[in-house]
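We use all heavy atoms of the structure for the numbers below, so side chains are in, but hydrogens, waters and symmetry mates are not.
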Amino acid sequence: MSRQSNRTTDSKKMNSELFTLTYGALVTQLCKDYENDEEVNKQLDKMGYNIGVRLIEDFLARSSIGRCQDFRETADVIAKVAFKMYLGITPSVTNWSPGGDEFSLILENNPLADFVELPDNHSTLIYSNLLCGVLRGALEMVQMAVDVKFAQDSLRGDNVTEIRMKFIKRIEENIPAGEE
Amino acid sequence: MTVHNLYIFDRNGSCLFYNEWNRKKQAGISKDEEFKLMYGMLFSIRSFVSKMSPQDMKDGFLSFQTSKYRLHYYETASGLKFVMNTDLSVSNARDTLQHIYSNLYVDLVVKNPLVPSCQPLDSELFGTRLDSFIRSLPYYSPRAA
């Protein structure tokens, strides 16, 4: 039980530099293991997805947030609660599409990429692509299929880091076998 | 005052976990059949409840009671369903089910990378922790049953 009490009182105890460096080591290793950047991007997304499908349970348990009414509420929860809880930053939500099914998260600074400079031979590497996978996996578990990708990345010379999220559809619940 | 049994279903309707305490009479069908029956009933009652609701609901279906027992239901936004049957003296077990989810299930099952998701649990740790938690509940007392 003691484990629970200190995790709620201080969720920021973990050294953020250690986290950043660990993530860096992970990406470096993937770059060594795979031939091209696209493959690394894909692996990062896949790892993120697997993190996301579990992380959502932790998120729901800790935040005690219920189901969102619409996509705008989802966007707010992601930016203000989820990013704050796990990365200690609050991205701004902007650039809504007219239909309200697409928005951007603008990250002023990206804790994953604190000490990073992309070498010239990795110009197509999406360094923080893990985040896309996490968001996709987590939202899939709350019945939302979304498309997530980096629109801008300050590592590649853009002014800010921008994650673009597009709502695809609600995932309907399976009807149990033998029911109609 | 007592707890009869507890089911945990995943979002696809398979039963991840079942345990019972002080359940004197069995349903007379196989456990698999019982799980299917239970999930089917929950699925229907949920859609019934939301269709009949005069306003949009947040939590929806919470519990029902018969002359002998009360069924408590808690569903997470991720579609996990926690179902506990108690006797009638337990009026609200929502906090209990929430506790089982956030402190036992998430910590011991979801955060354990070796436990595959969407498969019946065989985690001994989860089983024993849950058992001792249920036994420590103020309304768990088999003798009064």
Least distance between heavy atoms, A:Asp58 atom then B:Val106 atom
CA-CG1, 3.7 Å

Return yes if a side-chain donor-acceptor contact under 3.5 Å exists between A:Glu57 and B:Tyr101, otherwise no.
yes

State the OG1-CZ distance between B:Thr76 and A:Arg67, to the nearest 0.5 angstrom.
8.0 Å

Is atom CG of A:Asp70 surrounded by more than 12 heavy atoms (other residues, nucleotides or ligands) closer than 6.0 Å?
yes

With a cutoff of under 4.5 Å between side-chain heavy atoms, which Ile, Leu, Val, Met, Phe, Trp and Tyr residues group with A:Ile171?
none

Heavy-atom distance under 4.5 Å to chain A: side chain of B:Asp10, backbone, both or neither?
neither

Decide if atom CG of B:Asp122 counts as having more than 12 heavy atoms of other residues, nucleotides or ligands within a radius under 6.0 Å.
no

Per-residue tally against chain B (heavy atom, under 4.5 Å) across A:Arg54, A:Gln69, A:Glu140 peaks at A:Arg54

Would you say B:Phe64 has more than 12 foreign heavy atoms packed within less than 6.0 Å of its CZ?
yes

More than 12 heavy atoms of other residues, nucleotides or ligands under 6.0 Å from CD of B:Gln26: yes or no?
yes

